[in-house]
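Since the model is a prediction, treat every value here as computed from it, not as a measurement. Counting starts at 1 for both ligands and their atoms, in listed order. Values below: every heavy atom of this structure, side chains too, minus hydrogens, waters and symmetry copies.
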Amino acid sequence: INSFNKTNVNMIYIANWKMYGNLADIKSLKNVINLSNQKKFKKSKIIYCPPFTLLDVFIKKTKNSKIIIGAQNCHFTNSYGAFTGSINSKMIKNIGAKYVILGHSECRQAGDTNTTINKKIISALSEKLNIIFCIGETLDEKKKGNTKKILKKQISIGLSKVKKNKNILIAYEPRWAIGTGITPRLQDLEKTILEIKKICKKMPNVYSNLKILYGGSVNNENSSQIVKIPFIQGLLIGKASLNSKKFIDIIKKTII
Ligand code: PGA
């Protein structure tokens, strides 16, 4: 554990724009593109996940940069069908996005279960999309001491039938930390990350190439402490990513 060497880590920064953003907001990408082209950024990754309506313009705008684009959700089937209001993984792939966020706490709250999330993951993997798989306990589950149990369930069901992990990032996002300004105590976070690692170790297909990120109220003040925690290889950033200055500030303070 202690031999984990952060200097070898390529940091991953994910901007989750949720249900924010219009065409005018694309302007703010310019500074982030400039940053991503800098030499010291060579090994790291920036992934933008704008709403579906902006995927195409984001992809075009970032074409000659190192920024990668992802979607925020997909339907559980990858075939076309009569599902009004839904987007499948084939469509996401077709537009040129490379990632998709699945299992986000806000989608779980809106009805996604571990089983539907698993179907979505299998569907997205079959289209060779990369997955940002979100897990995390609620405040109530945490208070009852059930964090480990919940994470284990989310991981084992969510990632069942995954044959080979070439492209899954696990983002630990405690629900009580999302959008609240509250983050876990560093020692608690370190413990939970190790638990996630341990859970995944029992799933060799997942464990190989395992990458764990943290998300939930990341800002330019707490980020540099968070990335010091062993095995955290990136950040999933909601609110602070909407403001390119703040997003850049987080990246600059944490790039390794
Ligand atoms: P937040 O959101 O940074 O606004 O807490 C993170 C997320 O929901 O992915």
Side-chain angles (χ1 to χ4, degrees), residues 11-21 25 28 32 45-52 54-55 58 67-74 92 97-112 114 117 120-121 124 129-142 147 150-151 154-155 158 168-186 188-189 192-193 196 211-227 229 232-254:
M11 289 297 284
I12 301 165
Y13 302 92
I14 304 171
N16 174 14
W17 272 26
K18 310 191 180 192
M19 200 172 71
Y20 293 98
D25 299 307
S28 66
V32 187
K45 263 194 191 118
I46 297 177
I47 304 162
Y48 260 93
C49 300
F52 288 125
L54 294 180
L55 281 176
F58 266 64
I67 294 177
I68 308 163
I69 305 301
Q72 294 175 16
N73 200 356
C74 72
I92 293 171
K98 304 276 188 255
Y99 280 78
V100 59
I101 298 176
L102 293 171
H104 191 280
S105 150
E106 283 145 19
C107 299
R108 290 180 189 266
Q109 270 167 289
D112 265 5
N114 287 323
I117 292 162
K120 291 180 179 195
I121 289 176
L129 287 170
N130 300 289
I131 315 289
I132 300 155
F133 173 48
C134 302
I135 54 170
E137 80 286 2
T138 64
L139 188 58
D140 192 46
E141 288 158 349
K142 175 185 152 67
T147 298
I150 293 296
L151 296 178
Q154 291 176 339
I155 294 170
I168 300 171
L169 306 172
I170 295 188
Y172 172 57
E173 296 204 304
R175 188 180 292 178
W176 48 271
I178 296 175
T180 57
I182 303 166
T183 49
R185 291 189 314 174
L186 293 174
D188 291 345
L189 182 54
T192 310
I193 297 293
I196 293 169
K211 286 193 177 67
I212 304 172
L213 283 65
Y214 170 79
S217 295
V218 172
N219 59 38
N220 51 6
E221 275 155 31
N222 59 28
S223 54
S224 51
Q225 290 302 316
I226 292 171
V227 297
I229 293 174
I232 288 187
Q233 305 198 7
L235 299 166
L236 176 47
I237 306 156
K239 194 162 174 235
S241 74
L242 290 168
N243 178 316
S244 64
K245 260 206 181 101
K246 285 187 186 161
F247 189 48
I248 288 172
D249 205 18
I250 292 173
I251 295 173
K252 281 188 173 161
K253 281 190 176 156
T254 55

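Counting only heavy atoms from C-beta outward, the side chains of T254 and Y13 approach each other to under 4.5 Å.
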When you pair each N or O of ligand 1 with protein N or O atoms, which pairs come out under 3.5 Å?
unit_1	atom_1	unit_2	atom_2	d
ligand 1	2 (O)	K18	NZ	3.2
ligand 1	3 (O)	G238	N	2.9
ligand 1	4 (O)	K239	N	2.9
ligand 1	5 (O)	G179	N	2.7
ligand 1	5 (O)	S217	N	2.7
ligand 1	8 (O)	K18	NZ	2.7
ligand 1	8 (O)	H104	NE2	2.7
ligand 1	9 (O)	N16	ND2	3.3
ligand 1	9 (O)	H104	NE2	3.2
ligand 1	9 (O)	E173	OE1	3.3
ligand 1	9 (O)	E173	OE2	2.7

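Counting only N and O atoms by type, the side chains of N219 and K239 include no donor and acceptor under 3.5 Å apart. Between the side chains of R175 and T138, not a single donor N or O lies within less than 3.5 Å of an accepting N or O.
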Worked check of side-chain hydrogen bond (donor to acceptor under 3.5 Å, both in side chains) between E137 and Y172: CA-CA 9 Å; E137 80 286 2; Y172 172 57; 2.9 Å; yes
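At a threshold of 4.0 Å, the pair E106-K18 counts as salt-bridged, since one of the basic side-chain nitrogens sits closer than that to a carboxylate oxygen.
In this view, S244 and S28, N31, V32 satisfy the side chain to side chain contact (heavy atoms under 4.5 Å, CB included) rule, not counting sequence neighbours.
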